[in-house]
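Structure first, commentary second.
We use all heavy atoms of the structure for the numbers below, so side chains are in, but hydrogens, waters and symmetry mates are not. It should be emphasised that the depicted structure is a prediction, and the values quoted were computed from it without experimental measurement. Residues take their numbers from the sequence shown, with the count starting at 1. Every number for a ligand or one of its atoms is a count from 1 in the order of the listing.
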Amino acid sequence: MESLPTVILKPGEADRIVAGHPWVYHTSILRMTAQAGDGEMVQVKDHRQRLIGVGFFNSKSKIHVRVLAPERVEVDQAFFEERIRAALAVRKRHLPSATSFRVVNAESDFLSGLIVDKYEDVLVLQISALGMEKRKDKIVAALRKIFSPRVIVERSDMASRKFEGMVEANGFLHGELNGPVTVNLNGLKFETDLVGGHKTGMYLDQQTSYQAVAQFAKGAQVLDCFSFLGGFGLHAARAGAAHVHLLDQSAGAVAASLRNAEANGLKSHVAAEAVNVFDWLKANTLVKPHERVVPRFDLVVLDPPSFTRNRASVPDALRGYKEIHLRALKLLRPGGALATFCCSHHVDSGTFQDVILSAAFDCRRVLRRVATYSQSLDHPVIPMIPETEYLKGFVFEVVR
Ligand code: SAH
């Protein structure tokens, strides 16, 4: 093997990498022994010249090196095959009956910069690191060998690509799709636009929680806020909800969720509105002085998008979370349940719960916490890599 350019770390910077975190920031680097090409392999050593790993170099990114392995490896098709098969084995173990799931979740699967989702016989690829981009043909070859997919879609249309010096990319890497794909989650069918929809198509990270929250739905009047394709609402309807009301500001998502209700034989129990949830909750909790809001729901689901992009916007985000919780609690009957989620990495579960309790205080509700959730196990949490943990959820019952 030819020798690789060496990145030498400043004293004290190696431990985090040795512990399993793959990002070497440019500020951690003492010096380099030779100039490395962007997207090429380098070796990383501590300031005493001990090898701590090899990975992709990119001078354009704040993350100068994305470490792939603690020892020297050849990053060829066989490497990707081995890593992807290892990731797949984790999903088979933890989600044995799922047919659609995230196969590779970047850092969570020791493939920083690569996401692969499986939607039945279609794979969706998302690449956010130049080193992966340069080896896309090897990744595609490995995926075709393991899965024999009908289609491979590329959805590398994230603004973050510019931080790696790449432009956004969209298209087909194998085969072609014309129209939506029917995705099966927990035995329910969801019509999904894998070419132009949200993220890579669906929020697969909620697959387990859809089932879990549905346990609170039997006989209930359900309000599903930020419903997208109806994930929570349709699981609730199948579990025996009396009625489910879906709210999402996207008219396209609302129309798709109603088609999904029909396709699953749940149409008579489901209604949907294309509205801004903040406006709807406000309009439905506004009363004249001396009047009370009449609570009319037994289960309210709040699964908003992340209100934060960075640490600086956390205070604004918390105000947004508090507002929707306050109004949702006013609409809940005593004994009813609030299922609430926060997908921002910058808001930890303690802070999130504090906001909910502060909303409960303001409307004089007492809550009992009856469930705590995280992302589905196809989005593995590696505690040594804090960025891999982002989704948290709770169910609170209204005691009074
Ligand atoms: N619960 C969904 C995921 C929600 S993602 C699921 O499990 O699939 C967030 C959704 O909120 C998106 O569908 C987006 O269109 C919608 N959205 C974002 N801001 C909104 C707002 N202010 N009012 C209503 N919907 C909103």
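In this comparison of Gln206, Gln249, Glu273, the heavy atom closest to atom 25 (N) of ligand 1 sits on Gln249. The nearest non-hydrogen atom to atom 10 (C) of ligand 1, considering only Asp279, Leu229, Leu281, Asp248, comes from Asp248. Between Tyr210, Phe228, Phe278, it is Tyr210 that holds the heavy atom closest to atom 7 (O) of ligand 1.
The protein atom (non-hydrogen) at minimum distance from atom 4 (C) of ligand 1 is Phe226 O, 3.2 Å. Among all non-hydrogen protein atoms, the one lying nearest atom 3 (C) of ligand 1 is Asp303 OD2, 3.4 Å. Atom 23 (N) of ligand 1 has as its closest protein heavy atom Val277 N, 2.8 Å. Closest to atom 18 (C) of ligand 1, if we only count protein heavy atoms, is Pro305 CG, 3.5 Å.
By the 3.5 Å distance cut-off applied to N or O atoms, Tyr203 is not counted among the residues near ligand 1. Polar contact check, Asn276 against ligand 1: a nitrogen or oxygen pair lies under 3.5 Å apart.
Aromatic ring centres of Tyr210 and His235 lie closer together than 6.0 Å. Aromatic ring centres of Tyr373 and Phe394: separated by at least 6.0 Å. Ring centroid separation for the pair Phe341 and Phe232 comes in under the 6.0 Å cut-off. Residues His64 and Phe57 bring their aromatic ring centres within 6.0 Å.
A salt bridge does not link Arg319 with Glu323: none of the charged nitrogens is closer than 4.0 Å to a carboxylate oxygen. A salt bridge between Asp117 and Arg102 is present, with a side-chain N of the basic residue lying under 4.0 Å from a carboxylate O of the acidic one.
Residue contacts with ligand 1 include Val275, since one of its heavy atoms falls under 4.0 Å from the ligand.
Annotation: cation-pi pair Arg364/Phe361 present, NZ/CZ under 6.0 Å from the ring centroid and within 45° of its normal.
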